[in-house]
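The block underneath contains the structure these notes are about, expressed in structure tokens.
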Amino acid sequence: MTQTETKKTSLLGNLTVQILAAMFLGAILGIIIHNSIPEEAAAGFSNKIKMLATIFIRLVQMIISPLVFTTLVVGIAKLGDVKTVGRIGGKALGWFFTASFTSLLLGMFFVNILEPGVGLNLSNVDLASVSEVTAKTRSLSFENFVEHIVPKSIIEAMATNEILQIVIFSIFFGLAAASLGDNVKPVINALDKTSYIILKMVNYVMKFAPIGVFGAIAGVFSVRDFQELVFTYFKFFGSFLIGISSLWLVLILVGYIFLKGRMSLLLKRIISPLIIAFSTTSSEAVFPKLTEELERFGIKDKIVSFMLPLGYSFNLDGSMMYMTFASIFIAQAYGVHLDLGTQLTMLLVLMLTSKGIAGVPRSSLVVVAATCGMFKIPIEGIALILPIDHFCDMFRTATNVLGNALATSVVGKWEGDDENETSISE
């Protein structure tokens with residue numbers, strides 16, 4: 001390993017330690033605040049301290065649109081032609097849909113085996129908290145889904161960080177550039193250099209990550225009675241953790257099958273993005289850092305820049321598992337019987353309705369609410385999981401990041417990525 005690589009690894013280790021320390025300190029401060037001051041004052045403190053997390057996430061969000069556009073256009077231009085793009089895109093979508101369906105099946109399996117919703121006391125459900133989520137389900141239709149995919153303005157898509165829309169525009173732009181050959185080399189070179197500048201900005205932004213994580217964790221624990229939440233939702237949260245842990249085992253096992261010993265190196269590379277995603281419950285917060293780490297892992301930049309934006313829209317393994325789990329949990333709580341055929345139909349509905357809404361706040365809950373409405377399950381049942389949803393979101397967001405890192409690495413290997421072997425020897 002070179003001196004430069006040693007320095008980078010040392011910096012990565014320091015950042016990981018700082019983020020873990022920030023999580024621990026944030027939790028302690030939040031618990032102290034929750035137990036020592038009135039509820040209203042704690043809520044005010046929570047709103048203010050979470051601004052640290054908001055600032056960090058906004059710093060990352062300002063990078064995402066130009067990073068996705070520049071890297072994806074350059075990547076497609078380097079791929080060279082429509083045939084190559086179609087081949088890699090076909091492999092990507094095949095992996096995404098297989099992984100999504102496996103995640104959905106795991107959620108369905110564990111919620112039926114463990115039955116966390118059976119016999120639940122519904123007397124203390126706060127129905128007022130549901131309105132924010134259910135209001136968004138009205139726009140969740142096939143027509144709106146199509147409109148959400150296709151941008152009417154690339155400027156608007158970039159302004160709102162609609163990753164899928166940026167991906168669609170970038171694919172058309174990249175294919176058009178590739179078809180023009182040497183005439184557009186200056187443009188592609190300029191975009192290539194721009195992407196390197198943006199990745200350099202990532203290093204500056206990531207220095208703020210521990211502070212953002214501290215604010216996010218302190219804000220949550222200052223308004224939540226963690227012991228009460230654990231006691232009340234022990235069966236639901238425990239069952240969910242069993243399901244999500246099983247999904248991690250499946251993903252890691254599949255990783256070792258395809259990547260063999262390199263899977264250990266991949267996990268080591270993405271530990272920092274995983275922790276940031278876990279603590280901030282934001283996949284967007286780690287998009288630039290994950291891009292950088294996968295390239296350092298040895299995946300060619302053209303593969304990373306093509307796969308990750310697609311994955312952020314189509315490959316949300318943790319969210320998929322949670323959607324089936326939560327939907328059937330609510331049905332169990334209200335005594336709504338769903339036979340196997342109905343549950344399998346629900347899986348297919350979730351498979352389709354969940355794609356392309358990664359940018360929607362609390363998108364998993366929105367899809368769960370819409371699915372409940374389709375299958376005559378009381379939508380107000382969303383209130384059952386709202387109090388614990390943040391903690392579930394931590395695990396499903398980290399799982400989404402793991403799934404996308406794995407998908408990108410495997411497709412990179414399928415594409416004969418010679419740089420992989422180079423990264424091991426360094």
Side-chain angles (χ1 to χ4, degrees), residues 30 34 39-40 42-43 46-47 50 53-54 107 111 114-140 216-241 243-244 278-283 316 318-336 350 353-354 357-375 377-400:
H34 180 77
E39 184 177 336
E40 186 176 338
S46 175
N47 290 333
K50 281 196 291 190
T54 301
V111 77
L114 302 173
E115 297 185 328
V118 175
L120 195 68
N121 180 12
L122 304 178
S123 59
N124 296 322
V125 176
D126 179 17
L127 298 180
S129 59
V130 184
S131 57
E132 178 188 348
V133 175
T134 54
K136 296 174 184 174
T137 63
R138 300 187 189 109
S139 61
L140 198 62
I217 297 296
V220 171
F221 279 90
S222 61
V223 293
R224 296 287 190 193
D225 189 328
F226 186 65
Q227 291 180 331
E228 181 182 342
L229 282 174
V230 170
F231 180 77
T232 304
Y233 289 92
F234 177 78
K235 192 174 181 182
F236 171 78
F237 193 52
S239 300
F240 170 71
L241 287 183
I244 207 76
F278 178 82
S279 53
T280 61
T281 67
S282 172
S283 297
L316 305 174
S319 298
M320 299 297 284
M321 185 265 167
Y322 181 77
M323 287 173 196
T324 351
F325 190 93
S327 300
I328 299 175
F329 165 79
I330 294 170
Q332 290 175 351
Y334 282 91
V336 178
L350 286 167
T353 56
S354 62
I357 64 161
V360 178
R362 307 186 94 167
S363 58
S364 295
L365 288 178
V366 174
V367 174
V368 169
T371 305
C372 287
M374 292 178 199
F375 289 87
I377 303 168
I379 297 180
E380 57 267 24
I382 290 292
L384 293 171
I385 57 178
L386 275 177
I388 199 73
D389 181 68
H390 181 90
F391 298 100
C392 294
D393 199 10
M394 296 169 82
F395 288 92
R396 65 181 186 250
T397 304
T399 307
N400 293 341

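If you're wondering where the values come from, they're calculated on a predicted model, not measured in any experiment. Just so you know, residue 1 is the first one in the sequence shown, and it goes up from there. Values below: every heavy atom of this structure, side chains too, minus hydrogens, waters and symmetry copies.
Every side chain to side chain contact (heavy atoms under 4.5 Å, CB included) that Ala53 has, sequence neighbours left out, goes to Ala216. Scanning for side-chain hydrogen bond (donor to acceptor under 3.5 Å, both in side chains) contacts around Thr280 gives an empty result, with sequence neighbours left out. With sequence neighbours excluded, no residue forms a side-chain hydrogen bond (donor to acceptor under 3.5 Å, both in side chains) with Ser279. With sequence neighbours excluded, the residues that form a side chain to side chain contact (heavy atoms under 4.5 Å, CB included) with Val336 are Ala331, Tyr334, Leu338, Ile377, Pro378. Looking at residues two or more places apart in sequence or on another chain, you find no side chain to side chain contact (heavy atoms under 4.5 Å, CB included) involving Glu39. For Val220, the side chain to side chain contact (heavy atoms under 4.5 Å, CB included) test picks out Arg224, His390, Phe391, with sequence neighbours left out.
The distance from the OG atom of Ser239 to the CD atom of Glu115 is 10.0 Å, given to the nearest 0.5 Å. Summarising the geometry, atom CD1 belonging to Ile330 is positioned 4.0 Å from atom CD1 belonging to Ile382; distances are rounded to the nearest 0.5 Å. Considering CZ of Phe395 and CG of Asn400, their distance stands at 13.5 Å, rounded to 0.5 Å. Separation of atoms CD1 (Ile379) and CE (Met374) is listed at 9.5 Å; rounding is to 0.5 Å. Interatomic distance, Cys392 SG to Leu241 CG, rounded to the nearest 0.5 Å: 7.5 Å.
A tilted orientation is assigned to the rings of Phe329 and Phe236, their planes being inclined by 30° to 60°.
For Met320 against Leu350, the heavy-atom pair with the smallest separation is CE-O, 4.0 Å. Scanning both residues, Val118 and Lys235, for their nearest heavy atoms gives O-NZ, 4.2 Å. Between Val368 and Ser327, the shortest heavy-atom distance links the atoms CG1-OG, 3.7 Å. The heavy-atom pair separating Gly107 from Phe325 by the smallest distance is O-CD1, 3.9 Å.
Partner of Tyr322 under the side-chain hydrogen bond (donor to acceptor under 3.5 Å, both in side chains) criterion, chosen from Asp393, Asp389, Thr399: Asp389.
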### Task
Could you walk me through whether Ile328 and Gln332 pass side chain to side chain contact (heavy atoms under 4.5 Å, CB included), step by step?
CA-CA 6 Å; Ile328 299 175; Gln332 290 175 351; 4.0 Å; yes
### Message
side chain to side chain contact (heavy atoms under 4.5 Å, CB included) for Ile217 and Met394? Distances and angles first, verdict last.
### Response
CA-CA 11 Å; Ile217 297 296; Met394 296 169 82; 3.8 Å; yes
### Task
Test side chain to side chain contact (heavy atoms under 4.5 Å, CB included) on Thr324 and Val111 and set out the steps.
CA-CA 8 Å; Thr324 351; Val111 77; over 6 Å; no
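Using a distance-only test at 3.5 Å, with no hydrogens or angles considered, a donor-acceptor pair links the side chain of Thr54 to the main chain of Lys50.
Annotation: side chain of Met321 is in contact with side chain of Ile244 (closest heavy-atom distance under 4.5 Å).
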